[in-house]
Amino acid sequence: MCGIFAYAGTENAVPLLIEGLRSVEYRGYDSAGISVIDSSGAIQTVKRGDHKASLENLAAAVGDGQLSGGVGIGHTRWATHGEVNQKNSHPHASTSGSVSIAHNGIIENFLELKDELVDSGIEFVSDTDSEVLAHLVGRSVANGSNLREAVISAASRISGNTAVVAVSAAEPSIVVGLRVGNAGGIVVGKNVDAAVMASDTIALLPYTCEVIYLEPGEVVEIAQGSVQLFDLEGSATKRDPVVTNQNFEAAKKGNHPHFMSKEIAEQPEAIQGAMRGRADFAAGTLSLPEISLTHDQIMAIDRVVLTGMGTSLHTGMFGASVIETLARIPSVAENSSELRYRNPVLGSNTLVIAMTQSGETADTLAAMEHARRAGAPQGVILEMEGSQATRVADFTLGVRAGQEICVASTKTMIASMTTLLELAIFLAQARGEIDANHVKEIVGQMAELPALVAKALDLNGEVTDLADRLAKYEDLLYLGRGPQLPIALEGALKMKEIAYIHAEGNPAGEMKHGMNALLGPDMATVACAPNNDLYPKMLSNISEVKARGGEVVAIVTEGDGTVERIADNVIRVPECPELLQPFMTLIPLQLLAYRTALALGRDPDKPRNLAKTVTVE
Ligand code: G6P
């Protein structure tokens, strides 16, 4: 949503704030800004609202060393209220300029609060909801509160989920942070020279790997070498830091031109991460010790509901298909923003599995909280261990793909699919649907998966020419059946996200019920048709598209000699057991979107109007 970074320590905060913001920039890149308390004790703020160039322009603006100070806050914004420009960029100051805040979340009652503040004579300089916080905090400080009290009191006036950091000229050695609800996390850490807080652990790793994740309803005050926690009543609380498993190097681009190409290339490794310590290839067994369900609970499951948003929803659809296939439990995947509001029937026999790379997506967390209230046993499959979702779920299956920076998710999806396959095997075995020999057979197949994916990545060259062709279309149709449907949907999503081409994923069997009306030379079709029982059906669908003059890209299994007689373009993915086919077809679709984005001159890492972590509805 937005990225926050704050520093209090012995060094000049300015370059450190810029570096910190670079680490969280993927969360929002519409604007960027910092506030530091300078040697005279005044707050100096510099901000830029230049869309994707904001952070670089900000870095250039403060790069001459003129601005310095030991304490400061910074923010990168994904605009929700108010257009992208400098005045709407964070941090926002109180009228006197003695308080500055950076905020993540939506203040739902901001118009009401703004009216109240305007009536009291305060002039607003931005169109944001966040500015009300600056004035509320500023007013309390002017009335004699310390910064912590002022931030707590401001938070008590607002409705909606919020994460905020604030500095005050009256207390020039501290930064206060506060979290209410799920508007993105705040993670805090310290070493002897400094204390830091940020929206994301990765920004803290240059300082420490021992971190504290702020709970909703917690307040933190940092100063050089010190971190103090409080509740919303202002009473001091205590919690030991945890050691994070994240790796700073993993969040660098290395030799790759984009994070997306790096993350696509890392997929064989990501799959290995998801299998490490779980699949024993020598013994042909699989264990998931993280699953805290009793045998009775597992036997009682009569439905699995998988939930998530975006790519994570498509991952869940794959999960539903593989759980139903192996464990024979009715399974559905549902969009969290729908699940949370439709009062679904969930209970102690429904296993809810949430998928979320970040563990912070607002709708996914709300759906998870709903499931918890309904008494459903619940697991979460995620990358960011320690994030809020791990605290809502009964058990966590980490996907261990390594930090993903590109907004469009790739390696998290493939590692989550691997984890869901493991979950399906686990449930199937625990319920007696498959025996040890069958487990051995599937685990043996999974051992080949990293190499198979590596082979599929070799398709990069072939896909490049094709991308130039697809870049000319304004409309694309992606078709799949069965376990290939979530892959088709994901292929279309990727193309929309980063190439900005209108692309629709559809069950191939649905074409005759509407999509056929759009077929013709103006729309190309990408058909996922690997070698399985549904292949003949897909061939018929491909023929239908051709009969109406549409260009077809067929994604088939190597050795296929049939489809080339009908389709215009054929991409052959490695042959593999049927259960693993979705992993193979996914790769060329990711590559195709990436290459098409490049052909159109788009920046795949920073697609317009999108952000990696969506912490508001
Ligand atoms: C955003 C990201 C997507 C991601 C989705 C869900 O839309 O751009 O890449 O799939 O959020 O995020 P999550 O962190 O819950 O997986």
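Counting begins at 1 with the first residue of the sequence. Excluded from the calculations below are hydrogen atoms, water molecules and symmetry mates; all remaining heavy atoms, backbone and side chain alike, are included.
Comment: E558 engages K455 in a salt bridge, judged by a side-chain N to carboxylate O separation of less than 4.0 angstrom. Salt bridge status for R278 with E290: present, with a side-chain N to carboxylate O gap under 4.0 Å. Looking at K612 and E404, a side-chain N of the basic residue comes within less than 4.0 Å of a carboxylate O on the acidic one, giving a salt bridge. Salt-bridge formation is not detected for the pair R572/D560: no Lys NZ or Arg NE/NH1/NH2 atom is positioned less than 4.0 Å from an Asp or Glu carboxylate oxygen.
Residues meeting the salt bridge (charged side-chain N to carboxylate O under 4.0 Å, His left out) test with E19, sequence neighbours left out: R22. Partners of H75 by ring pair (Phe, Tyr, Trp, His ring centres under 6.0 Å), not counting sequence neighbours, listed by chain and number: H90. Listed by chain and residue number, Y29, D603, K606 satisfy the side chain to side chain contact (heavy atoms under 4.5 Å, CB included) test with K52 (two or more places apart in sequence, or in another chain). Every residue two or more places apart in sequence or in another chain was checked for a salt bridge (charged side-chain N to carboxylate O under 4.0 Å, His left out) with E83, and none qualifies. In terms of the side-chain hydrogen bond (donor to acceptor under 3.5 Å, both in side chains) criterion, Y500 has no residue partners (sequence neighbours excluded). Taking the salt bridge (charged side-chain N to carboxylate O under 4.0 Å, His left out) definition, one finds that D568 meets it with K546, sequence neighbours left out. In this view, A13 and Y7, L17, V36 satisfy the side chain to side chain contact (heavy atoms under 4.5 Å, CB included) rule, not counting sequence neighbours. When the salt bridge (charged side-chain N to carboxylate O under 4.0 Å, His left out) test is applied to E360, the partners found at least two apart in sequence or on another chain are R27. Partners of T557 by side chain to side chain contact (heavy atoms under 4.5 Å, CB included), not counting sequence neighbours, listed by chain and number: P530, N531, E575, Q581. Shown here are the ring pair (Phe, Tyr, Trp, His ring centres under 6.0 Å) partners of F583, two or more places apart in sequence or in another chain: F318.
Side chain to side chain, R391 and Q388 meet the donor-acceptor criterion of an N or O pair below 3.5 Å. In this model, a donor atom of one side chain and an acceptor atom of the other lie less than 3.5 Å apart for K494 and T311.
Among pairs with a residue in residues 584-617, those fulfilling ring-ring contact (aromatic ring centres under 6.0 Å, His included) read H258-Y594, at least two apart in sequence or across chains. A ring-ring contact (aromatic ring centres under 6.0 Å, His included) check over residues 448-484, counting only residues at least two apart or in different chains, returns nothing.
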message = If you apply the rule side-chain contact (heavy atoms from CB on, under 4.5 Å), what do you find for I498 with R602, and how did you get there?
response = CA-CA 7 Å; I498 60 167; R602 322 279 194 225; 6.0 Å; no
task = Report the C-alpha distance between M417 and L586 in whole Å, list the side-chain angles of each, state the deciding distance to 0.1 Å, and finish with yes or no for side-chain contact (heavy atoms from CB on, under 4.5 Å).
result = CA-CA 11 Å; M417 285 166 61; L586 176 63; 4.0 Å; yes
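S321 places no side-chain N or O within donor-acceptor distance of the main-chain N or O of M317, the cut-off being under 3.5 Å.
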